[in-house]
Structure formats: C-alpha cells, structure tokens
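This report concerns only the one structure given below.
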2 protein chains.
Amino acid sequence: MHDICAAPMAGRRERKKQRTREALVDAAFRLFQEKGFDATTVEEIADEVDVSSRTFFRYFASKEDVVLTFQEEQFTTMLEALSSRPAAEPVLTALRNAAVSVIRACENGQYGFDPERFGCIQQMMESSPAVFGRSLEHGQKKQSEITRIIAERMGVDPAADLRPHVMAGLANCAFHSAFEVLAAGVAKTDRFSEVVDEVFAVMEDELAYRSEKETATG
Amino acid sequence: MHDICAAPMAGRRERKKQRTREALVDAAFRLFQEKGFDATTVEEIADEVDVSSRTFFRYFASKEDVVLTFQEEQFTTMLEALSSRPAAEPVLTALRNAAVSVIRACENGQYGFDPERFGCIQQMMESSPAVFGRSLEHGQKKQSEITRIIAERMGVDPAADLRPHVMAGLANCAFHSAFEVLAAGVAKTDRFSEVVDEVFAVMEDELAYRSEKETATG
DNA sequence: CCAAAACTGTCATGCTGTGACACATGTCGT
DNA sequence: ACGACATGTGTCACAGCATGACAGTTTTGG
C-alpha cells in the first residue's frame, strides 16, 4: 500500500495479470483472423486461455475493447509525437507529421508495434461495423486530449475558442477518410501511412484553393 | 401484386403498419426522455404500444435505430439541399450552406421536422455513448452518398480521386465537431445550426491561414 | 368467399455484460 | 514462516439485445 516505486512489474501478481491479458489478446486476434470478429464469441477466447468468460470481462469492458487497446496505444504515441513537433510548424502540419510518423512506425514494427496485427485491425475495421463504430466513438472521446495539446500550442483557451476543437476534429477526420478511401480501393497504395498523408495534403490544397474564391455564405 | 400506383398509402395494412411504427417511435422517445436511453428497454417500448418485443425488431433493426431514423431523414434532406446548391459555389461553401439550412429547418420545425424531438436527440447523443457511436457509424456509412454528389459537382471520378471523399469527410467532421463543441459548452450559442456554421467558418479561415505559411512536410 | 400473402405472437436460443458470493492465491508486516 | 488482508478468479444468476422458427390471425385480391 506504500506505493514506494510505481514500477510496472511490482510483484508476481502483476506479472501474472499481464501474462493473462496478453494471452487473451493473442487468442482473440488469432480467432478474429480465423473466423472473423463477429463469429468469435467471448467464451471461445476465454476458453483458449483457460479462464472463465467472467474473467475476460474483468480485463476488457467489451469484446471490441480488445481491438481498441491498440488504438489506444497508437493514440498515446501520436500525442507524444504531436507534443514534440516544433512549435514553428502550423497546427495542421504538426498533426500531419505526427500522425504519419506514428502510422509508419506501426507499419514498420518500430516501438514494439506488430505490423501484422496492425493489418489485422485494418481488416476488421472494414469487415465489422461494430468494431468500426466503437473505433469512431473511441476516437471522438479521445479527441479532447488532442484539443488540449493544440490549444496549448496555439496559446488559446480551449474552453472559449472553437479553433483547437475543430483542428483536432480534422485530425480525426483524416483517419476516418483514410480508412474509407482505403476500403473503397480509391488509393493507389495499400500503405495506410501514405493514404493519411495524401488525405492531409488534399485538405490543405483543397481548402487553400477554396479560400481564393469568394466566401459567399448566402 | 400489380403495383399500379406506388402511392405511399396503398391499403389498410400499410396504414396500420405506419401507425404502429409511429406509435413505437413516439413511445420510444417519450420513455427515452423520461428515463434515458440506456435505462429504457425494448420491452417497455413495445408494451407501451401493446405489441411484442419481437414486433419491435421487425420495425427497427436495433434500439438505436429508432433514433437513427431521424438522422436518416435529415441526411436525405441535406443531400437534396446539396444537390440544388448553385454549381458556382465552391464545394465547401455548398456543403456549409446545405448543412446549415437543413439544421435550421429542423430547429424551426419546417418540412415536418419536430424541433422538440430534434433537441431530444441532441441530448441523447451527449448522454448515451451507444447512440453517439451508432450515429457516427451511420454518418460514415452514408458518407459515400455525399461523396458521389460532390464528385459529380467537381466533375471527377470518385473511384480514382481522393478529393471528393475527403470533402465529404469534412462535412461529417463539421457535424461531429459541432456536437463536441456544444457538449463541451464552448459555443456562445445553443443553436446547433449556428455552431455548425461557425465550425465551417473556422475550417475555412484556419486552413486558409495555414496555407499562407510554408508547407514544410519534412 | 376462398386462397395466398403478410403481419404478429409465442417460444426457444445465443451472445454480451454485470452483480453477488465463495474460494484460492499473492502480499505484507512481524 | 505465519497470519491478516487484499486481490484475482470461478460459479451462478440474471437482464437485455437480437434472431430464427412456427403457428395463428388479419388483409388482400380475385
């Protein structure tokens, strides 16, 4: 109860939990890839690791949560990347660079990311609406953290200024669009990072072009 | 079986179905507002109309579907508005005007929209993640229709050009951002239409501003 | 008025997710 | 090493969503 050191591997119990968790994730992804997300039941996943279904739900709030765990990791990494972008960069550029660099890291297996699993997630997003929906939801929930960082970078108060919120939304939007474009087969490449980069490019170009014209709001 | 006239009110059966459907929607929204979306069960809704739960699911694919029905209507109206925007307008301006006009119509009770129900939906989006998630999902699914119209307007092939996809994504994004901003209490107004308009304005201004600077992607 | 089509209710079933309680295991102070 | 306490797990029970199957009823149309 002293909490002397917040080390990740305190005792045996912690290690065991960690192992169980990883085993569950492994089993889940294996089954997801074999039979698809929807066709895989929580019971099957739990059986594979030889724990009860109840235990599964003590580790993950829902079946989708297994997948979202990785979104979470990527997201955290992205936030760090964003924070360390030079202050001289325009906001959208910083977002673009941060996003692209992290996704590239996933694809290349850097920082402990598993490229195969990354691909598997992409597949599931396309094939299972439930996963996709939860992912959108998760992204929206996490958007506030991006907003905070952007507001800091812009030197404005996020409670009184729309702009950081909208910019954070654009980042989220870029992800979704990239997914949609990839699923629709419109992109020339299969690399998610390149698609995201292109999407950002389109945003910048298209909106810049737009601003040359009149802003007739009538 | 002749299908001589495709009139909406063919026979008594059709009318009855329509009445049941409306009764279900009414009951659902009443209960949602009383007890909240999550606390309301399908059985309660069905009981209120004196039909079985099974019948409820013959009208709606899910509980969330009751709410999404209205999103659907608004969306359709928005597509029509978009199609009839003058071709001279830049794409984003057309999207902005189409979106704002439809939302204003909802708020003012035009075209048969119920402002009270519109407000109720807004409330539920904020309070129930399930509804919000499904709404995002739905929006993403419907995005392709916006894409098609925009592609037509731009005179490009949506199967080979990213731009219409990204622009459609921006429209979706504007909605989400508006919701988020509204829920966070950042906006100076409570009118959804005004918030959406502002969000579009920020997109245009901010990205135009950005384009003045260098596009250093390194 | 009768036969086909469509709608509904009932029943059975599967899956997700949660609460309660007992049992086993790990942890920590002494 | 031993006992007290905290924590994790299994089992059981349960509510809710959603779907398939089948039988009974109403509507439709000739």
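Side chains are part of it too, since the values below use all heavy atoms of this structure and drop only hydrogens, waters and symmetry mates. Every chain is numbered from 1 and lettered A, B, ... according to where its sequence line falls, protein lines coming before strand lines.
- Residues satisfying the side-chain contact (heavy atoms from CB on, under 4.5 Å) test with B:E198, not counting sequence neighbours, are A:L162, B:K188, B:T189.
- Within the 4.0 Å cut-off from OP1 or OP2 of D:dT27, at least one side-chain nitrogen or oxygen of B:K16 is found.
- Residue B:S62 is classed as a sugar-phosphate contact, given heavy-atom separations below 4.0 Å to backbone atoms only.
- Donor-acceptor pairing under 3.5 Å, judged by distance alone, is absent between the side chain of A:R15 and the base of C:dG26.
- Between B:Y59 and C:dT8, a side-chain N or O to OP1/OP2 separation shorter than 4.0 Å is present.
- When rounded to the nearest whole Å, the span between CZ of B:R134 and P of D:dA18 equals 6 Å.
- Using a 4.0 Å heavy-atom cutoff across all strands shown, B:S52 reaches at least one base atom of the nucleic acid.
- Residues A:A61 and A:D65 come closest through the heavy atom pair N-OD2, 3.5 Å.
- A close approach under 4.0 Å does not occur between any side-chain nitrogen or oxygen of A:K63 and OP1 or OP2 of C:dC15.
- In this structure, CG of A:D47 is placed 12 Å from P of C:dT16, rounded to the nearest angstrom.
- Straight-line distance from the CG atom of A:D50 to the P atom of D:dG10: 8 Å, rounded to whole Å.
- Counting to the nearest Å, the C1' atom of D:dT7 and the CZ atom of A:R12 are 15 Å from each other.
- Surrounding CG of B:D190 are at most 12 heavy atoms belonging to other residues, nucleotides or ligands under 6.0 Å away.
- Between A:E14 atom CD and C:dG26 atom P there is a gap of 13 Å when expressed in whole angstrom units.
- For the pair B:L24 CG and C:dC7 P, the computed distance is 14 Å after rounding to whole Å.
- To the nearest angstrom, C1' of D:dC17 lies 11 Å from CZ of B:F37.
- B:F29 has its ring centre less than 6.0 Å from the ring centre of B:F70.
- No side-chain heavy atom of B:V186 sits under 4.5 Å from any side-chain heavy atom of A:D161.
- Summary of the strand contacts: A:R54 and A:D38 both lie near DNA chain C, and taking for each the nucleotide with the nearest heavy atom, the more 5' one is attributed to A:D38.
- Rounded to whole angstrom, the span from the CZ atom of B:F56 across to the P atom of D:dC17 amounts to 9 Å.
- Counting only heavy atoms from C-beta on, B:T55 has its side chain closest to C:dT8 among C:dT8, D:dG10, C:dT16.
- With C:dA6, D:dT9, D:dA6 as the choices, the nucleotide that has an atom nearest any side-chain atom of A:R13 turns out to be D:dA6.
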